[in-house]
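To start, the structure itself, in structure tokens.
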Amino acid sequence: MEANRPDTSTRILDVAERLFVEHGFEATSLRMITQQAGVNLAAVNYHFGSKDALFESVFTRRLGPLLAGCIAELDAEEAGGRALSIEALVMTFIRPALALSKDPNKGGAMFVRLLSRTLVENHRLLRETLSQQYSEFVQRYSRAFERALPALGGEELAWRMHFAFSLMFNAFAGNDVLKIFVRSQVVSARDPDMIVKHLVPFVVAGLNTPSSS
């Protein structure tokens with residue numbers, strides 16, 4: 001039976017991941033997924049139950065290890081009990097994201113682009129999944145930023161974290177707007193190492209800006 005083939009669910013997830021990147025959640029139909037995965041709708045229903053559940057599964061298989069990597073980086077940096085610099089704190093997120101973007105076995109650039117696109121689009125399913133399953137990540141980083149920027153009030157700190165993470169996710173989304181400003185085939189905003197080189201100083205400067213209050 002097709003649904004019992006051991007590689008069926010992985011094949012569905014891989015195809016769905018690619019199509020969600022190319023077309024977005026709303027424009028990707030189950031028919032598109034089943035046709036390109038070489039399965040029938042019963043196989044999708046058997047393994048995932050619905051398009052929403054499939055979308056969540058695409059994320060949880062990649063996002064869990066990514067956020068666990070970020071927390072491990074944070075643990076290592078905080079081991080001495082000291083407050084981190086903003087750059088060190090930002091890099092605890094950037095390093096795992098960069099490593100993931102270079103590892104096809106963990107989703108590579110494809111998943112980073114999907115994660116970035118979905119967060120930028122503020123997708124309901126991912127927002128709910130993050131709040132329910134990955135609250136430790138949110139809490140740990142919120143506390144770390146509070147220690148790193150003690151002069152900021154809670155609301156202003158929340159705004160800065162919002163802008164910083166939005167910028168970081170958007171930068172990895174694969175939208176090469178840079179080519180509008182730099183007409184060169186050599187320079188690309190889809191090169192993860194170049195993104196990090198120019199992104200981190202910009203994010204750190206924004207986070208370190210003196211309070212406007």
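Given the structure is predicted, the values throughout are model-derived calculations rather than measurements. In what follows, every heavy atom counts, from backbone to side chain, and hydrogens, waters and symmetry copies are set aside. Position 1 is the first residue of the sequence, and the numbers go up from there.
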- [ ] Could you walk me through whether Leu30 and Leu54 pass side-chain contact (heavy atoms from CB on, under 4.5 Å), step by step?
- [x] CA-CA 10 Å; Leu30 286 178; Leu54 172 58; 4.3 Å; yes
- [ ] Hey, could you give me the CE/CG distance between Met91 and Leu84, rounded to the nearest 0.5 Å?
- [x] 12.5 Å
- [ ] Salt-bridge test for Glu78 and Arg140: reply yes if a basic N is under 4.0 Å from a carboxylate O, no otherwise.
- [x] yes
- [ ] Kindly work out whether a path of hydrophobic side-chain contacts (I/L/V/M/F/W/Y, heavy atoms less than 4.5 Å apart) joins Val138 to Leu149.
- [x] yes
- [ ] Report yes or no: does Ser9 contribute a side-chain atom to a donor-acceptor pair with the main-chain N or O of His47 at less than 3.5 Å?
- [x] no
Task: Linked, directly or transitively: Trp159 and Met161 (ILVMFWY side chains, under 4.5 Å) - done: no
Task: Stepwise side-chain contact (heavy atoms from CB on, under 4.5 Å) test for Leu152 and Phe145 - done: CA-CA 10 Å; Leu152 297 182; Phe145 274 101; over 6 Å; no
Task: Enclosure of Glu77 CD (heavy-atom neighbours >12, cutoff 6.0 Å) - done: yes
Task: Aromatic plane relationship, Tyr141 with Phe137 - under 30° parallel, 30 to 60° tilted, over 60° perpendicular - done: tilted
TODO: Any chance you could lay out the side-chain contact (heavy atoms from CB on, under 4.5 Å) test for Met168 and Phe165, step after step, and finish with the verdict?
DONE: CA-CA 5 Å; Met168 288 189 285; Phe165 278 97; 3.8 Å; yes
Listed pairs under 3.5 Å, donor-acceptor, residues 192-208 side chains, sequence neighbours left out:
{"unit_1": "Asp193", "atom_1": "OD1", "unit_2": "Lys102", "atom_2": "NZ", "d": "2.8"}
{"unit_1": "Asp193", "atom_1": "OD2", "unit_2": "Lys102", "atom_2": "NZ", "d": "3.0"}
{"unit_1": "Asn208", "atom_1": "ND2", "unit_2": "Val204", "atom_2": "O", "d": "3.4"}

Task: NE2-CZ distance between His23 and Arg18, expressed to the nearest 0.5 angstrom - done: 8.0 Å
- [ ] Keeping to residues at least two apart or across chains, list the salt bridge (charged side-chain N to carboxylate O under 4.0 Å, His left out) pairs with something in residues 62-74.
- [x] Asp14-Arg62, Glu17-Arg62, Glu73-Arg95
- [ ] Could you go through the side-chain contact (heavy atoms from CB on, under 4.5 Å) check for Thr34 and Asn40 one step at a time?
- [x] CA-CA 6 Å; Thr34 56; Asn40 57 34; 5.9 Å; no
Task: Rounded distance [0.5 Å steps], CG in Leu89 versus CG in Leu74 - done: 6.5 Å
Open item on the list: If you compare all heavy atoms of Ala16 against all heavy atoms of Val58, which two are closest, and at what distance to 0.1 Å?
Closed with: CB-CG2, 4.0 Å
Task: Heavy-atom check, side chain of Ile33 versus side chain of Phe20, under 4.5 Å - done: yes
Open item on the list: Quick check: do Phe48 and Glu56 have side-chain heavy atoms less than 4.5 Å from each other?
Closed with: no
